[in-house]
Amino acid sequence: MEAVLARFGRIDVLVNNAGASWGAPAEDMPLEAWNKVMRLNAGAVFQLSQLVANRCFIPRGSGNIVIVASVAALRIGLDMQAVGYYASKRPRCN
């Protein structure tokens, strides 16, 4: 964020498009793997969104955050080979 602000002076839109996955059946997925996927796909997205909002958007009163989900998370079915990815990328619309 600091490098972007130094170069461009402001941030108008934040697009969160990070994603990690771990291929293992849900019953065999190590907790370390689950945590790695969640830290990036959910935790890092939240932290960066919060940082940019507090530093750039809220003081200015405008800004947009786009969080990229995954169509794969909508087609789970019986294939639970990447359960952490599916859980962290499932779109939620309000």
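Predicted, not measured: the structure shown is a model, and the values here were computed from it.
- Legend: residues meeting salt bridge (Lys or Arg N to Asp or Glu O under 4.0 Å) with Arg39, ordered by chain and number and at least two apart, are absent.
- In the hydrophobic cluster analysis, where Ile, Leu, Val, Met, Phe, Trp and Tyr join through side-chain heavy atoms closer than 4.5 angstrom, Val15 is grouped apart from Leu48.
- The salt bridge (Lys or Arg N to Asp or Glu O under 4.0 Å) check on Glu2 picks up Arg55, with sequence neighbours excluded.
- The backbone N or O of Gln50 sits less than 3.5 Å from a side-chain atom of Asn54, completing a donor-acceptor pair.
- Within the 4.5 Å cutoff, the side chain of Asn64 has no heavy atoms near those of the Leu14 side chain.
- Scored by the salt bridge (Lys or Arg N to Asp or Glu O under 4.0 Å) test, Arg7 finds no partners at all (sequence neighbours excluded).
- Taking each heavy atom of Ala53 and Pro59 in turn, the nearest pair found is O-CD, 3.8 Å.
- Linking Ile, Leu, Val, Met, Phe, Trp and Tyr residues whenever their side-chain heavy atoms come within less than 4.5 Å leaves Met38 and Val68 in two separate clusters.
- Two residues are said to be in side-chain contact when any heavy atoms from C-beta on lie closer than 4.5 Å; Val4 and Arg10 fail this criterion.
- The side-chain heavy atoms of Phe57 and Ile11, taken from C-beta on, include a pair separated by under 4.5 Å.
- A heavy-atom distance below 4.5 Å is not found between the side chains of Val66 and Asn16.
- No chain of hydrophobic side-chain contacts below 4.5 Å, direct or via other Ile, Leu, Val, Met, Phe, Trp or Tyr residues, connects Leu40 to Val45.
- Closest approach of Leu5 to Cys56, counting heavy atoms only: CD2-SG, 3.9 Å.
- With hydrophobic clusters built from ILVMFWY side chains whose heavy atoms lie under 4.5 angstrom apart, Ile65 shares a cluster with Leu51.
- With Asn41 contributing its side chain and Ala20 its backbone, the two residues share a donor-acceptor pair below 3.5 Å.
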